[in-house]
> 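Here's a structure for you.
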Amino acid sequence: MITRFERFTLILFEIMKYWNKIASDIMKGEGLKGTHALYIITLSRFPEGVTAARLKDICQKDKAEISRSLATLEAKGFVHKDGRYNAQVRLTESGQALARRLNTIAHKAVDQAGCALDEDEREIMYKCLGSIAANLHSISKEDLTR
C-alpha cells in the first residue's frame with residue numbers, strides 16, 4: 001500500500017517533471033535550459049532590476065546556479081547587469097519579450113492543469129501547499145536522525 005509520504009512525494013515530482021519538460025521545450029528554441037524560465041519570469045516582476053542575491057532568495061537556488069544562469073542569460077542578450085558587485089539585473093527588450101511569451105504559456109498551462117478546480121478549491125490547495133512548505137522548512141532545520 002502506498003504511504004502518504006510516497007503519494008505526496010511522487011505527486012510533487014510528477015508535477016515538477018512535466019513543468020520542467022514544458023519549460024525545457026520552450027527554452028530550447030532560445031538555446032537555454034528550462035531552469036532559465038523561472039529566472040526570466042521572476043525578473044519580469046522587477047522592471048527596476050533586482051540583485052543576484054535577491055533573485056537567489058526568491059527562486060530558492062544556490063549562489064553558483066544563479067551566477068551561471070545570469071552569465072548565460074547575459075551572454076544571450078536577455079539580461080543586463082548594471083555594474084559588477086550587487087548590480088541590479090534587468091531584462092533587456094528581448095528578455096522582456098521572452099518573459100511575456102513565457103508568462104502567456106505558463107498561465108495557459110496553469111489554467112489547463114487546474115481546470116477541474118474551482119476558485120475555492122484552488123485557494124485551499126495553495127494554502128495547504130504553503131503550509132506544508134513552511135512546515136517542511138522548519139523540519140529541515142532539525143536533526144531528525146536522533
Side-chain angles (χ1 to χ4, degrees), residues 2-141:
I2 191 166
T3 66
R4 283 177 49 203
F5 169 77
E6 289 173 298
R7 184 176 182 200
F8 176 75
T9 303
L10 291 172
I11 288 170
L12 291 180
F13 283 150
E14 188 174 14
I15 290 168
M16 288 306 300
K17 174 181 144 183
Y18 293 126
W19 170 247
N20 286 332
K21 182 187 180 329
I22 292 165
S24 292
D25 288 349
I26 297 163
M27 300 306 277
K28 188 176 7 176
E30 302 295 339
L32 297 169
K33 295 180 180 177
T35 56
H36 294 121
L38 175 62
Y39 308 133
I40 295 286
I41 288 172
T42 302
L43 286 168
S44 73
R45 293 187 304 137
F46 299 93
E48 72 284 355
V50 65
T51 64
R54 180 75 177 115
L55 186 64
K56 174 188 92 55
D57 292 341
I58 294 167
C59 296
Q60 299 180 33
K61 300 290 184 179
D62 66 48
K63 185 179 177 179
E65 160 62 20
I66 292 292
S67 181
R68 283 189 304 272
S69 291
L70 288 177
T72 298
L73 291 170
E74 188 172 30
K76 297 274 187 180
F78 293 110
V79 302
H80 172 74
K81 290 185 207 172
D82 296 332
R84 191 169 168 119
Y85 298 103
N86 287 327
Q88 294 292 309
V89 180
R90 300 179 220 284
L91 291 176
T92 61
E93 284 185 36
S94 60
Q96 291 169 15
L98 178 57
R100 285 190 296 275
R101 198 168 119 234
L102 285 169
N103 275 309
T104 298
I105 294 167
H107 285 22
K108 181 179 176 183
V110 169
D111 286 347
Q112 288 179 355
C115 68
L117 303 175
D118 65 30
E119 198 57 39
D120 290 338
E121 290 171 320
R122 194 171 290 112
E123 283 304 312
I124 291 168
M125 177 194 67
Y126 285 122
K127 180 180 178 187
C128 291
L129 287 173
S131 177
I132 291 168
N135 291 338
L136 287 173
H137 178 78
S138 294
I139 293 166
S140 73
K141 294 180 179 185

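Computed from a predicted model, the values in this text were never measured in an experiment.
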> What's the verdict on side chain to side chain contact (heavy atoms under 4.5 Å, CB included) for Thr72 and Tyr39, showing C-alpha distance, side-chain angles and the deciding distance?
CA-CA 11 Å; Thr72 298; Tyr39 308 133; over 6 Å; no

> Restricting to non-hydrogen atoms, name the atom on Gly95 and the atom on Ile40 that form the minimum distance, rounded to 0.1 Å.
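It is O-CG2, 4.0 Å.
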
> Working to the nearest 0.5 Å, report the span between NZ of Lys56 and CG of Leu70.
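Result: 12.5 Å between the selected atoms.
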
> Do you know which two heavy atoms are closest between Ala52 and Ile66, and how far apart they sit?
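Here Ala52 and Ile66 meet closest at O-CG2, 3.8 Å.
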
> Is there any side chain to side chain donor-acceptor pair (under 3.5 Å) pair reaching into residues 15-25, and which pairs are they, with sequence neighbours excluded?
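As it turns out, the side chain to side chain donor-acceptor pair (under 3.5 Å) pairs with a partner in residues 15-25, which skip direct neighbours, are Lys21-Asp25.
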
> Could you pull out the closest heavy-atom pair between Lys76 and Leu32, with the gap in Å?
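Minimum heavy-atom separation between Lys76 and Leu32: CG-CD2, 3.9 Å.
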
> Measure the shortest side-chain to side-chain distance between Glu30 and Arg101 over non-hydrogen atoms and say whether it is less than 4.5 angstrom.
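They are in side-chain contact.
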
> Backbone N or O of Cys128 within a donor-acceptor pair of the Ser131 side chain at under 3.5 Å?
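Absent.
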
> Got a donor-acceptor contact below 3.5 angstrom from the Thr51 side chain to the Ala87 backbone?
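It does not hold such a pair.
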
> Ignoring hydrogens and angles, tell me if any N or O in the side chain of Ser67 forms a donor-acceptor pair with the backbone of Ala64 under 3.5 Å.
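Here the side-chain-to-backbone pair does not exist.
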
> Give me the atom names and distance for the closest heavy-atom approach of Pro47 to Ser44.
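Closest approach of Pro47 to Ser44, heavy atoms only: CD-O, 4.2 Å.
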
> For the side chain of His107 and the backbone of Thr104, is there at least one donor-acceptor N/O pair under 3.5 Å apart?
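Absent.
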
> Nearest 0.5 Å please: distance from the NE2 atom of His36 over to the CD1 atom of Ile41.
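Separation between the atoms: 13.0 Å.
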
> Would you say that Lys141 contacts His137 through its side chain, given a criterion of any heavy-atom pair below 4.5 Å between the two side chains?
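Yes, side chains in contact.
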
> Is the number of heavy atoms from other residues, nucleotides or ligands under 6.0 Å of Arg54 CZ greater than 12?
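No, not enclosed.
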
> I'd like to know if the side chain of Glu74 and the backbone of His80 have a donor-acceptor N/O pair within less than 3.5 Å.
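Checked: no pair found.
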
> Apply side chain to side chain contact (heavy atoms under 4.5 Å, CB included) to residues Thr42 and Val50 and explain how you reach the verdict.
CA-CA 10 Å; Thr42 302; Val50 65; over 6 Å; no

> Do other residues, nucleotides or ligands put more than 12 heavy atoms under 6.0 Å from Glu6 CD?
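More than 12 heavy atoms, drawn from other residues, nucleotides or ligands, come within 6.0 Å of this atom.
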
> Output, in order, the C-alpha distance, side-chain angles, deciding distance and verdict of side chain to side chain contact (heavy atoms under 4.5 Å, CB included) for Lys108 and Gln112.
CA-CA 6 Å; Lys108 181 179 176 183; Gln112 288 179 355; 3.4 Å; yes

> Counting N and O atoms only, with roles assigned by atom type, does the side chain of Glu121 sit under 3.5 Å from a partner on the main chain of Asp118, one being a donor and the other an acceptor?
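Such a contact is found between Glu121 side chain and Asp118 backbone.
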
> Okay, side chain of Glu65, backbone of Asp62: is any donor-acceptor separation there less than 3.5 Å?
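A pair under 3.5 Å: no.
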
> Looking at side-chain heavy atoms only, is the closest gap between Val89 and Leu55 below 4.5 Å?
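No - every pair of side-chain heavy atoms lies 4.5 Å or more apart.
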
> Measuring from atom CG of Leu43 to atom CG of Leu98, what distance do you get when rounded to the nearest 0.5 angstrom?
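The CG atom of Leu43 sits 11.0 Å away from the CG atom of Leu98.
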
> Within the side chain of Ser94, is there an N or O that forms a donor-acceptor pair under 3.5 Å with the backbone of Gly77?
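Pair found, side chain donor or acceptor close to backbone of Gly77.
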
> Please examine the side chains of Met27 and Leu102, heavy atoms only from C-beta on, and report whether any two atoms are closer than 4.5 Å.
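In short, these two side chains touch, coming nearer than 4.5 Å.
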
